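Below: the structure, in structure tokens.
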Number of protein chains: 2
Amino acid sequence: MFFSTTTNGIDAKGRVSVPADFRASVAGDTINGIYVWRSFNGPFLEGGGQRLMEELSAAIDAMDPYDDSRTAFERVIFGGARPLTFDSTGRVSLPKEFAEFASLSSKATFVGMGKRFEIWDPEAHAERHARDLEFARENKSALRRPPANGFRPGEGA
Amino acid sequence: MFFSTTTNGIDAKGRVSVPADFRASVAGDTINGIYVWRSFNGPFLEGGGQRLMEELSAAIDAMDPYDDSRTAFERVIFGGARPLTFDSTGRVSLPKEFAEFASLSSKATFVGMGKRFEIWDPEAHAERHARDLEFARENKSALRRPPANGFRPGEGA
DNA sequence: TGGGATACCATGGGATTTCATGGGAAACAA
DNA sequence: TTGTTTCCCATGAAATCCCATGGTATCCCA
């Protein structure tokens, strides 16, 4: 599982250290690294380990082989995700398109989200975090009984 | 597994580099190359490695020997697929009919689809990608619980 | 409980390898 | 022959590997 929030530097070569505890939670995967993709939900990246990709793959496999919605998901998910392998010190190098998409320049904030994690530009994250905090404060009762209609903080912003 | 999206050039001789990570995921197959066929879902090519062909073969084997759809699949899949072997630097040369079918001229976009991949003309891919992305965004919950049939990505977009 | 030693972690930079691509020569087909 | 396809080598750019360093948290023992 991915926990806590860490900000690390991005060097001139586009490399960034993945937080050590994130690395620990994907240790033992067949690839020595993580999978990263552009979020559907905003200007940040999302990532996870092998296990997460396998879960997504299984969800897709449950669909009809050539159903149009299945191929759409396959293109977006498999085509959009990239495996990034660790170097010997636990860094990955961020593809330019990914860095641009998330407006990452000199620093990256890794946010643990349980099964997956997010990678934000520190400033963008600070703003979003403030909103999330306010939302959580106003809706804390929802934690006990999740809302039926699936609303999400910050969606549609 | 095939991941990520890469665009490579097609040279005057009709050769195109297969992305290195695609090559890595078919390394060890008995043929040093990939299998490619015309999609029956649109103006693009599909491809995969040995393992995929064997799976398709097994799926067809499970059908009735003289089922009309079985023989149709056999003709389309085995008759339509061509093994393309890598040269020493990892390129394949695209048969003219394939390039024409997918409107490929100077560049080809390889899209990882998990077990298989697609090859698109970059412009055609950009259009389709935009539609797929929108679809995925609107229907991401379907990943958890597949839709009950009927709705299609991009229809009426 | 303090303080020093140790292990871990993020970071920097140089050297090396890989990768995509171009073009010539050789093998092959018509 | 003439045109086409396959093999091989060359090249520049980009990604990766490897070693070094400083800082920080942790451990251990007095």
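Quick caveat, the model's predicted, so the values are computed rather than measured. FYI, side chains are in, hydrogens and waters are out, and symmetry mates aren't considered; it's all heavy atoms of this structure.
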**Asked** Does B:Thr85 make a side-chain N or O approach to OP1 or OP2 of D:dT6 shorter than 4.0 Å?
**Response** no
**Message:** Run B:Arg70 and B:Asp61 through salt bridge (charged side-chain N to carboxylate O under 4.0 Å, His left out) and show every step you take.
**Reply:** CA-CA 9 Å; B:Arg70 175 191 177 122; B:Asp61 271 347; 3.5 Å; yes
For [X], report the nucleic acid contact type (base, sugar-phosphate, nothing); a contact means any heavy atom under 4.0 Å.
X       : value
B:Ser88 : base
B:Val18 : sugar-phosphate
B:Thr89 : base

Between [N] atom [atom2] and [X] atom [atom1], what is the distance in whole Å?
X       : N      : atom1 : atom2 : answer
A:Ile10 : C:dA10 : CD1   : P     : 14 Å
B:Asp87 : D:dT6  : CG    : C1'   : 8 Å
B:Arg23 : C:dT18 : CZ    : C1'   : 9 Å
B:Arg82 : D:dT5  : CZ    : C1'   : 12 Å
A:Phe86 : C:dC9  : CZ    : P     : 12 Å
B:Arg91 : D:dC9  : CZ    : P     : 14 Å
A:Leu84 : D:dA15 : CG    : P     : 12 Å
B:Asp11 : D:dT4  : CG    : C1'   : 14 Å

**Residue of the set A:Phe44, A:Trp37, A:Phe2, A:Tyr35 for which ring pair (Phe, Tyr, Trp, His ring centres under 6.0 Å) holds with A:Phe117** =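 Single pass found, and it is A:Phe2.
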**Asked** For A:Arg116 and A:Glu118, what are the C-alpha separation, side-chain angles and deciding distance, and is it a salt bridge (charged side-chain N to carboxylate O under 4.0 Å, His left out)?
**Response** CA-CA 7 Å; A:Arg116 74 202 157 72; A:Glu118 296 178 347; 3.8 Å; yes
**base_contact_polar (C:dG24 base, B:Lys13 side chain, donor-acceptor, <3.5 Å)** =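 Such a pair exists between side chain and base.
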**B:Ala20 or B:Arg15, whichever maps to the more 5' nucleotide of DNA chain C** = B:Ala20
**Request:** Specify the residue among B:Asn8 and A:Pro19 whose closest nucleotide of DNA chain C lies further upstream toward the 5′ end.
**Result:** A:Pro19
**Request:** Please identify each residue that fulfils side-chain hydrogen bond (donor to acceptor under 3.5 Å, both in side chains) with A:Arg82, with sequence neighbours left out.
**Result:**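 Partners of A:Arg82 under the side-chain hydrogen bond (donor to acceptor under 3.5 Å, both in side chains) test: none.
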**Message:** Consider side chain to side chain contact (heavy atoms under 4.5 Å, CB included). Of B:Leu45, B:Thr109, B:Val16, which one does B:Leu104 pass it with?
**Reply:**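 Output: one option passes, namely B:Leu45.
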**Message:** Looking at every heavy atom in both A:Ser39 and A:Glu46, which two are closest together, and how far apart are they?
**Reply:** OG-OE2, 2.8 Å
**Stepwise side chain to side chain contact (heavy atoms under 4.5 Å, CB included) test for A:Phe86 and A:Val26** = CA-CA 11 Å; A:Phe86 300 139; A:Val26 298; 3.9 Å; yes
**Message:** Angle between the end axes of the helix from C:dT1-D:dA30 to C:dA30-D:dT1, five pairs per end, to the nearest 10 degrees?
**Reply:**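 Computed angle between terminal axes is 40°.
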